[in-house]
Amino acid sequence: MDLSLDIGNTTAKAGWFEQGQLQDVQAGVSPAELAVFIRERSTSRAILSSVAGSVASWQAVIPKDCPYTILSNTTPLPFQNSYDTPATLGTDRIAAVAGAQVRFPHRNVLVIDAGTCITYDLLTDQGTYLGGMISPGLQMRWQAMHTFTARLPLVAVESPEAAKGASIIGKSTEESLKSGGLLGMAAEIDQIIRRYADKFAALQVVTCGGDMKYLQPLVLSKHIYIPELVLIGLNSIVRHEGS
């Protein structure tokens, strides 16, 4: 089986693929746990993507007879990358775009990934990645309001169900902070989608990322939520590299 490993700023996620089809996912996996999973699944090749620095501890658990790729700006991609500074482009963004291409070939696609930061990336119907935007993520907004004020508390959302109850009329400071973060971010997403849709015909919007499970019901614009988009894209890249 093929392994896709997405190492984020806060957690790591592993996905196993058979002939390009996702078979299993482990979220919050550690290097020690990954070593067990690799043995159990007879992993034949792997691809690693990290936005969190060194991957040495992850490389160490991959068997010597298992070829692997560490995704970088020099890795061959299944789309044309026209980003002006490819060496600074996050590998999570690259993988999410590759995943969007798999799911929506020959379409103008806007990829929105809500993680530590929220990223917006545009892939054209000609298979060219143009670039996009980066803005503060949900936790970052709440942390900033707490850090840069004297009295505002640090808040967090308890569950996707609780996020659905966000109201434009907060009845307490805590409720106001939660709703400001959630509804403010959802409104940003809606407005950014409209701006891209004005420029790119028949735009398909696809969302992913850990915080999208809270934001997805609050976003009014039409979109498709694919939680494992980055893993799908990583597998597409390693398959392209081996073709």
Side-chain angles (χ1 to χ4, degrees), residues 1-9 11-27 29 34 43-52 55 58 67-83 86-134 196 203-213 216 223-243:
M1 300 182 78
D2 292 342
L3 165 65
S4 292
L5 182 63
D6 175 26
I7 307 163
N9 287 301
T11 189
K13 183 185 290 186
W16 273 266
F17 292 78
E18 193 76 60
Q19 298 297 316
Q21 299 300 311
L22 183 62
Q23 303 296 318
D24 193 17
V25 175
Q26 279 84 34
V29 67
L34 183 66
T43 306
S44 56
R45 63 180 172 181
I47 181 168
L48 289 68
S49 166
S50 175
V51 295
V55 296
W58 301 96
Y68 65 89
T69 296
I70 300 175
L71 181 59
S72 72
N73 64 293
T74 63
T75 304
L77 300 174
F79 57 84
Q80 180 181 344
N81 186 356
S82 67
Y83 205 59
T88 69
L89 182 60
T91 56
D92 52 344
R93 297 174 69 187
I94 294 172
V97 169
Q101 186 183 47
V102 169
R103 289 298 181 93
F104 307 102
H106 312 299
R107 295 281 301 275
N108 289 323
V109 186
L110 176 62
V111 182
I112 302 174
D113 188 344
T116 303
C117 290
I118 183 167
T119 57
Y120 304 84
D121 292 289
L122 197 287
L123 179 71
T124 72
D125 55 7
Q126 300 300 307
T128 300
Y129 170 67
L130 298 183
M133 300 169 53
I134 305 172
Y196 276 98
L203 183 70
Q204 174 65 59
V205 180
V206 56
T207 61
C208 62
D211 280 345
M212 192 53 69
K213 61 180 176 288
Q216 189 262 340
H223 64 283
I224 295 177
Y225 175 45
I226 305 178
E228 315 307 344
L229 188 69
V230 169
L231 295 179
I232 293 168
L234 289 172
N235 184 252
S236 170
I237 291 168
V238 79
R239 286 166 63 83
H240 173 77
E241 187 180 37
S243 62

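The residues of the chain are indexed from 1 along the displayed sequence. Keep in mind it's a predicted model, so treat the numbers as computed, not measured.
Of the candidates Val238, Leu234, Val25, Val230, Ser4 forms a side chain to side chain contact (heavy atoms under 4.5 Å, CB included) with just one, namely Leu234. Among the candidates Ile112, Ile134, Val111, the single residue satisfying the side chain to side chain contact (heavy atoms under 4.5 Å, CB included) test with Thr119 is Ile134.
Legend: residues meeting side chain to side chain donor-acceptor pair (under 3.5 Å) with Glu18, ordered by chain and number and at least two apart, are absent. Contacts of Ser50 classified as side chain to side chain donor-acceptor pair (under 3.5 Å), with partners at least two apart in sequence or in another chain: none. Every residue meeting the salt bridge (charged side-chain N to carboxylate O under 4.0 Å, His left out) condition with Asp121, not counting sequence neighbours, appears here in chain and number order: Arg93. Residues forming a side-chain contact (heavy atoms from CB on, under 4.5 Å) with Thr11 (at least two apart in sequence, or on another chain): none. Remark: Asp125 pairs with no residue by the salt bridge (charged side-chain N to carboxylate O under 4.0 Å, His left out) rule, at least two apart or across chains. Scanning for salt bridge (charged side-chain N to carboxylate O under 4.0 Å, His left out) contacts around Asp2 gives Arg45, with sequence neighbours left out.
In this structure, Gln101 contributes its side chain and Leu123 its backbone to no donor-acceptor pair below 3.5 Å. Put simply, the side chain of Ser82 gets close to the backbone of Tyr129: a donor and an acceptor are under 3.5 Å apart.
With values rounded to the nearest 0.5 angstrom, Ile237 atom CD1 is found 5.0 Å from Leu71 atom CG. Between Met1 atom CE and Trp16 atom CH2 the span is 8.5 Å, to the nearest 0.5 Å. Once rounded to the nearest 0.5 Å, the distance linking CZ of Arg107 with CG of Leu203 reads 8.5 Å. We find the CD1-CD distance between Ile232 and Gln21 to be 9.0 Å, quoted to the nearest 0.5 Å. We find the OG1-CD1 distance between Thr75 and Ile70 to be 9.0 Å, quoted to the nearest 0.5 Å. Note that the CG atom of Asn73 and the OG1 atom of Thr88 stand 9.0 Å from one another [nearest 0.5 Å].
For the residue pair Ala14 and Leu34, the shortest heavy atom distance occurs at CB-CD1, 4.1 Å. Taking every heavy atom of both residues into account, Val109 and Val206 meet most closely at CG1-CG1, 3.6 Å. When all heavy atoms of Thr91 and Ser49 are compared, the pair lying nearest together is OG1-OG, 2.8 Å. In this structure, Ala52 and Gly8 approach most closely via the heavy-atom pair CB-O, 3.3 Å. Taking every heavy atom of both residues into account, Ser236 and Pro78 meet most closely at OG-CG, 3.8 Å. The two residues Leu77 and His240 come nearest to each other via the heavy atoms O-NE2, 3.1 Å.
For the residue pair Thr69/Glu241, the side-chain donor-acceptor check at 3.5 Å is satisfied.
Counting only heavy atoms from C-beta outward, the side chains of Gln80 and Gln126 never approach each other to under 4.5 Å.
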Could you walk me through whether Ile224 and Phe104 pass the side chain to side chain contact (heavy atoms under 4.5 Å, CB included) test, one step at a time? CA-CA 11 Å; Ile224 295 177; Phe104 307 102; 3.8 Å; yes
Could you walk me through whether Tyr83 and Ile94 pass side chain to side chain contact (heavy atoms under 4.5 Å, CB included), step by step? CA-CA 11 Å; Tyr83 205 59; Ile94 294 172; over 6 Å; no
Would Asn81 and Val97 count as a side chain to side chain contact (heavy atoms under 4.5 Å, CB included) if you check the C-alpha gap in whole Å, the side-chain angles of each, and the deciding distance to 0.1 Å? CA-CA 10 Å; Asn81 186 356; Val97 169; over 6 Å; no
Just do the side chain to side chain contact (heavy atoms under 4.5 Å, CB included) check on Asp24 and Gln26 with the steps written out, would you? CA-CA 7 Å; Asp24 193 17; Gln26 279 84 34; 2.7 Å; yes
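In this structure, Arg103 places its CZ atom where only 12 or fewer heavy-atom neighbours from other residues, nucleotides or ligands lie under 6.0 Å away.
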